Amino acid sequence: MHRQPRVDLHCHSRASDGDLTPAAVVERAAGRGVDVLALTDHDTVAGVAEAAAAAAGHAVTLIPGAELSLAHREATLHVLALGVDPNAPGLARLLEQLQDARRLRARHMAERLERLRLAGAWERLQALAGDAVPTRVHVADLLVEADYSRDRRRAFRDYLRPGRPAYAEAPWSSLEDGIAAVRAAGGVAVLAHPGVYGLSARALGRVVDAFAAAGGEALEVVTGPRRDPITARAASHARRRGLLGSAGSDFHRPLERGPELGALAALPPDIPPVWERWLAAG
Ligand code: MN
Ligand code: MN
Ligand code: MN
């Protein structure tokens, strides 16, 4: 018997809204015994080269990835692009569109903050985001810094959710276009964190159907150290549609209580793991 590989196929670096550099994410993962790691920054592969270089110095297989924000009906879905060629032209075009959508939204959020009398919001937001395009997390940090909110959670609740005063829509690309670009780049599309969309069981079933019909191949069945009702629900959707299973922590930063690299429950044994193709190839 081979030892089960320790995988984590969903995490973020400073290339989007994480705190650590891509190299530091890889080092932390290696230190925690992760064998297979996918870096999946929001709508960018900008951190992948640095992460791959760092992985070469550790016993870590680095899967190039990104977390795409895609529109489907009224919802924004997060789809992980795993194992993509980061230089594929179709993917690069899609990522450019998504980054443009993100920039536009960040501008609109900054305008709203200015209207809420938070002066210099756009400049401050860019400073907080560094080289990355500002995300809602950066806006939340700005709200905390300016004493509008006590912490990130309250900033999201009071300002950044749909209907709240600093919220702005982003014109994301469609689910179909996103998945097509992932496949054309040689990658696998994984529907991320099925539990966070606030969908009823039936609505989630319909989303999974649309995702599979568009060429999506896997569901992120395991998202944390424990199996929970969402794990069970996602697993049953994976079985029903014959989809593969994935596992990812959605790590953004070291926290005392919070998602941690590689801290993941096992995939239900009857669900084929999406990562097997990269282990077989290795
Ligand atoms: Mn994030
Ligand atoms: Mn997400
Ligand atoms: Mn994520």
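A quick note: this is a predicted structure, and the numbers were derived from the prediction, not measured. Note that ligands are numbered from 1 as they come in the structure, with each ligand's atoms numbered from 1 the same way.
- None of the N, O or S atoms belonging to His10 lies under 2.8 Å away from the Mn ion (ligand 2).
- Among heteroatoms of the N, O or S kind in Asp250, OD1 lies nearest the Mn ion (ligand 3).
- With no hydrogens or angles considered, a side-chain donor-acceptor pair links Asp17 and His42 at under 3.5 Å.
- Taking 2.8 Å as the threshold, His42 does not count as a candidate ligand of the Mn ion (ligand 2), since none of its N, O or S atoms lies below it.
- With respect to the Mn ion (ligand 2), His78 has ND1 as its nearest N, O or S atom.
- The name of the N, O or S atom in Glu67 nearest to the Mn ion (ligand 3) is OE1.
- Checking His12 against the Mn ion (ligand 1), every N/O/S atom stays at or beyond the 2.8 Å cut-off.
- Phe156 and Ala140 make their closest contact through CE1-CB, 3.8 Å (heavy atoms, listed as atom of the first residue, atom of the second, distance).
- Sorting the N, O or S atoms of His193 by how far they are from the Mn ion (ligand 2) puts NE2 first.
- Ion pair Arg32/Glu260 flagged as a salt bridge, since at least one NZ, NE, NH1 or NH2 atom sits closer than 4.0 Å to an Asp/Glu carboxylate oxygen.
- Closest heavy-atom contact between Leu199 and Arg233: O-NH1, 4.0 Å.
- Residues Arg105 and His108 bring no donor and acceptor atom of their side chains to less than 3.5 Å of each other.
- Asp17 has its closest N, O or S atom to the Mn ion (ligand 1) at the position named OD2.
- Counting only heavy atoms from C-beta outward, the side chains of His12 and Leu39 never approach each other to under 4.5 Å.
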